[in-house]
Amino acid sequence: PQTAETKTSAAPASDTIVIGHVGSMTGNEATFGQSSDNGMKLAVEEQNKKNGIKGKKIVLKTYDDQGKPEEAAVAATRLVTQDKVLTFLGEVSSSRSIAMGPVADSNKIPMISNSSTNPKVTKDGDKTRPFVFRVCFIDPFQGTVMAKFAAENKKWKKVAILRDVGNDYSVGLANFFTETFKKLGGEVVDDVSYKAGDQDFKAQLTKLKSKNAEAFYVPGYYTDVALIARQAKELGIKVPLMGGDGWDSEKLYEISKGALDGSFFSNHYSPEDTSPQVKDFIAKYKATYNAVPDAHAVLGYDAANVAFHAMEQAKELTGPAIRDEVEKTKDFQGVSGKITLNKDHNADKPAVVIGIEKNAPKYAATISP
Ligand code: PHE
């Protein structure tokens, strides 16, 4: 993996604490890693201004996994063995977090995923992974959110699905959506596949077009979804698309060029939220990065702060001692809401539904677990 900073690693000085971040800083999902890193850096700066942790300065070490699960596992191992991190943060994508989890467990170093939502991230079969946590909700809930929104708010009866078969997140979300949508009396009229990075989706879209669906559920990542939306429009498909948090990127709007107007997706946060935490964070983020934070920035910031809080509470600065404190996280006030980690190491939090109007995101609803 490439290191985002060009510094070479050395054993950490005794007056510093090194925290790792593994993210997609380049590649098709580059905004995921970059925004997360921006949020984490803000948290580190603030904590260092407050005298760090137990008087030690925090150093954030970021590795780019280029969006590849194998690279994510290698980067996590390097953080632990070479950089001697006490905790590492990431990934955004579930497939990459699933690859990193075993590294946390076998080295007894806590991992906190900022925004991976597939249940398998914190589970090893039926067993909760002892050293793996996340600060976000999971997909059985997220799938339910859009199924309810479709069936109850929109009164849609027929939905077609287009899923990314190589992506644990996309496959999981498509399944969870289907389960709830059927329970609510809806019908999934067709369910077809694509692979991340495909350029031509016309065959699948043409097939779906003939099925009289009232909407398409497309739980993928923003680059593919934006292309799908444009090609759907070219084929004369008028139905709205629905998706999940994987849509959240400013690039979604840039690439889709308005083709997603009238569509909806579930997410972790809305910049229109008027809570003091959100307003304050947006102001700080804008002052530093000259941009409105997306969900990754918010969750990256929250994940880092949950780690810092645990380190402050820990009896000693070792992986197991920090882990025990992360596990106790309760009512921790984050920007994305209050964070309490349940027995499966997941956060139960409300989701927001975002609508797209005039090629811009617009808050539509909040749905609680
Ligand atoms: N939840 C997605 C996953 O698990 C990642 C993601 C989170 C994407 C938030 C965008 C916004 O793969």
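Counting starts at 1 for both ligands and their atoms, following the listed order.
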Quiz item: Ion pair present between K41 and E45, side-chain N to carboxylate O less than 4.0 angstrom?
Solution: no

Quiz item: Taking distance alone, with no angle check, do N167 and ligand 1 share an N/O pair under 3.5 Å?
Solution: no

Quiz prompt | Sub-4.0 Å heavy-atom approach of A295 to ligand 1 | solution = no

Quiz item: Should you measure from each heavy atom of G246, which atoms of ligand 1 turn up under 4.0 Å away?
Solution: 8 (C), 10 (C)

Practice problem: May I ask you to check if ligand 1 and W247 share an N or O to N or O distance below 3.5 Å? | Solution: no

Quiz item: With the threshold set at 4.0 Å, does a side-chain nitrogen-carboxylate oxygen contact exist between E272 and K362?
Solution: yes

Quiz item: Any ion pair linking D280 and K284 (charged N to carboxylate O, less than 4.0 Å)?
Solution: yes

Self-check item: Y169 and D245 side chains, donor-acceptor separation under 3.5 Å
Solution: yes

Self-check item: Any H268 heavy atom less than 4.0 Å from ligand 1
Solution: yes

Quiz item: Considering only protein heavy atoms, which is closest to atom 9 (C) of ligand 1, and at what distance to one decimal place?
Solution: H296 CE1, 3.2 Å

Quiz item: Hey, is ligand 1 close enough to Y221 that some N/O pair sits below 3.5 Å?
Solution: yes

Quiz prompt | Sub-4.0 Å atoms of ligand 1 with respect to non-hydrogen atoms of S115 | solution = 1 (N), 2 (C), 4 (O), 5 (C), 6 (C), 7 (C), 9 (C)

Self-check item: Which residue and heavy atom of the protein sit nearest atom 5 (C) of ligand 1, plus the separation
Solution: V92 O, 3.3 Å

Self-check item: For S116, the ligand 1 atoms whose distance to one of its heavy atoms is below 4.0 Å
Solution: 4 (O)

Quiz item: So, D139 and Q142: side-chain donor and acceptor under 3.5 Å apart, yes or no?
Solution: yes

Quiz item: Is E312 salt-bridged to K50, cutoff N-O under 4.0 Å?
Solution: no

Quiz item: Charged N to carboxylate O under 4.0 angstrom, K57 versus D15?
Solution: no

Quiz item: So which heavy atom in the protein is nearest atom 10 (C) of ligand 1, and how far is it from that ligand atom?
Solution: D245 O, 2.7 Å

Quiz prompt | Ion pair check, K155 and E214, cut-off under 4.0 Å | solution = no

Quiz item: Got the closest protein heavy atom to atom 4 (O) of ligand 1, with its distance?
Solution: S94 OG, 2.5 Å

